A.B. asks: 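Below are the structure tokens for one structure; questions will follow.
Values below: every heavy atom of this structure, side chains too, minus hydrogens, waters and symmetry copies. Predicted model, so just to flag it, every value in this text is computed and none were measured. Naming convention: chains lettered A, B, ... in sequence-line order (proteins, then strands); numbering from 1 in each chain.
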Protein chains: 2
Amino acid sequence: MMKTISENRCFGGVQGVYSHNSEACGVDMTFAVFLPEIAEEAPVPVLWYLSGLTCTHENAMTKAGAQAWAAREGIALVFPDTSPRGDGVADDEAYDMGQGAGFYVNATEAPWAPHFNMWDYVAEELPALLAGTFSIDPDRQGITGHSMGGHGALTLAMGLPGRFRSVSAFAPICNPTASDWGRKQLGGYLGPDESVWAKHDATLQMAARGFDGPMLIDTGTADQFGDLLKTESLAAAIAEKRQPATLRMQRGYDHSYFFVSTFMEDHVAFHAEALWR
Amino acid sequence: MMKTISENRCFGGVQGVYSHNSEACGVDMTFAVFLPEIAEEAPVPVLWYLSGLTCTHENAMTKAGAQAWAAREGIALVFPDTSPRGDGVADDEAYDMGQGAGFYVNATEAPWAPHFNMWDYVAEELPALLAGTFSIDPDRQGITGHSMGGHGALTLAMGLPGRFRSVSAFAPICNPTASDWGRKQLGGYLGPDESVWAKHDATLQMAARGFDGPMLIDTGTADQFGDLLKTESLAAAIAEKRQPATLRMQRGYDHSYFFVSTFMEDHVAFHAEALWR
């Protein structure tokens, strides 16, 4: 059922792009996997990278520079898409709703419910496919992401206790229930009852349960979307919860992949330490 | 006259994109410059990166991963465009002719002659602009490039003795006077007299004069354009000339940026050794 779209030799390993018919999303979904060379010998740990608004599987695969460090650390990378796509899939004119903006939730509302099940896709379906297909060790998983993908990484890590050994994020959306990057989407996908939104808010999840493992968050002081991210809410929640975590406000950096790539080495090393231990 | 299009903090330095009215090309040209943090204190060496067919200043800037290593080595990077562009500029339906395919020559033939002067642009105009604008040391320049840009790097390095201390290339077009990646373009831009093509053929230049400095070339054994590159011609010319050079055929790599980014660390380190000495 899985189709190979491309495979390129990369840092001694293989950067592949694949598609498959997703049951969770009811359409063909495309994703990318980087396998380091040592995966030929034995299963390796895996780091999930969830992307942000408007992105596909491709942006981070080509611009984040993660393969250099993953090859060095002997870790696989997975880059899922950010939403279902295609002619039969609902969409919205706004860049931050619909296709390219799945927000890592299972939609319950029309017109989104039939296809927008990115939580199940990333939490259940794709891991099962990967475990049966690639030389990766499902007992050693970490997760990271950028912006909306940072939101996804944090909420999945806290929402699936025991699944991920480590979590990090680049400029994550931290408190979507209180932000224009969140209220519209959670309302649209999940309906008006805000109690069901809480599962998808990293700040609320931090207050409610936290994460059993190390956490690393980088956000730029010059992030042009800083007001929408609400980093201050998560920072306060982390401190109040006494959550083991490192939050770094990086001087002068903005929201771009120039920021992400700059700190990718740190993030991969952070996960490697947790995953190879 | 120079306009700043964007500047992003990147690996402690600044990745900028700029445009200016080019006299050589008779149109506005866009280019990118990465300055490492230490350029704030004193001028730094500069490494030119010339891009391949269909590329702009942007491809390598976002996909080659060069800033990580340039920041570490304290070297500036320059990414010129690959041709003049715009409504008033001649073009061709083929991807390998006209806009995006300047081949680093000064065209003498219609309809190309008015704008297609990429040799002068890269050899004279842009260096003068950079030297007067950025904290770079014009006495410490190296040059590299990919595919058509590797051709440009090699021919400019050999054609401008004393200008570049070091030259390297990723999967360069090595012998365009004998390849379908070259004969059409050199004929179109320079006319039917093949004697004037020789300046723009790395193999012929190697035989005629060579390069006074170190040279590094990487090409993948699985390069899908291997037959067009004619690496074997340049390899033979290097050996015959007794040119100090390292030519590496990299097992399993193709022509993509996954190949380029894999070996970028080596290339930047190679140039740094020559430029900081």
A.B. asks: Using non-hydrogen atoms only, which part of B:Glu265 is less than 4.5 Å away from chain A: side chain, backbone, both, or neither?
C.D. replies: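 Just its side chain gets close to chain A.
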A.B. asks: What part of A:Asn8 lies closer than 4.5 angstrom to a heavy atom of chain B: side chain, backbone, both or neither?
C.D. replies: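 Contact with chain B: backbone and side chain both.
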A.B. asks: Taking side chain as everything from C-beta outward and backbone as N, CA, C, O, which of these in A:Phe11 sits under 4.5 Å from a heavy atom of chain B? Side chain, backbone, both or neither.
C.D. replies: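 The answer is both parts of A:Phe11.
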A.B. asks: Please look at A:Met264 and chain B and tell me whether the side chain, the backbone, both or neither of the residue comes under 4.5 angstrom of a heavy atom of that chain.
C.D. replies: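 Neither; nothing under 4.5 Å.
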A.B. asks: Assess whether atom CG of A:Asp28 is packed by more than 12 heavy atoms of other residues, nucleotides or ligands within 6.0 Å.
C.D. replies: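 Enclosed.
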A.B. asks: How long is the gap from CD on A:Gln15 to OG on B:Ser256, to the nearest 0.5 Å?
C.D. replies: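 It is 9.5 Å, given to the nearest 0.5 Å.
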A.B. asks: Check each atom of A:Thr62 against the heavy atoms of chain B and say whether the ones under 4.5 Å are side chain, backbone, both or neither.
C.D. replies: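 Looking at A:Thr62, backbone and side chain both touch chain B.
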A.B. asks: Side-chain contact, heavy-atom cut-off 4.5 Å: A:Lys63 with B:Tyr257?
C.D. replies: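 Sidechains of B:Tyr257 and A:Lys63: no contact.
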A.B. asks: Could you measure the distance from the CZ atom of B:Arg251 to the CZ atom of A:Arg9? Nearest 0.5 Å is fine.
C.D. replies: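 CZ of A:Arg9 is found 9.5 Å from CZ of B:Arg251.
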A.B. asks: Tell me, out of B:Ala68, B:Ser261, B:Gly65, who's got the most heavy-atom pairs with chain A below 4.5 Å.
C.D. replies: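 With the most close heavy-atom pairs to chain A, the winner is B:Ser261.
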A.B. asks: Do A:Glu7 and B:Phe258 make a side-chain contact, defined as non-hydrogen atoms from C-beta onward lying under 4.5 Å apart?
C.D. replies: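 Of all side-chain heavy-atom pairs linking B:Phe258 with A:Glu7, none is under 4.5 Å.
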A.B. asks: Please check if the number of heavy atoms outside A:Glu232 that lie under 6.0 Å from its CD is greater than 12.
C.D. replies: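 Yes, the 6.0 Å shell around CD holds more than 12 heavy atoms from other groups.
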A.B. asks: Out of A:Gly12, A:Ala64, A:Gly220, which one racks up the most heavy-atom pairs below 4.5 Å with chain B?
C.D. replies: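 Option with the top pair count is A:Gly12.
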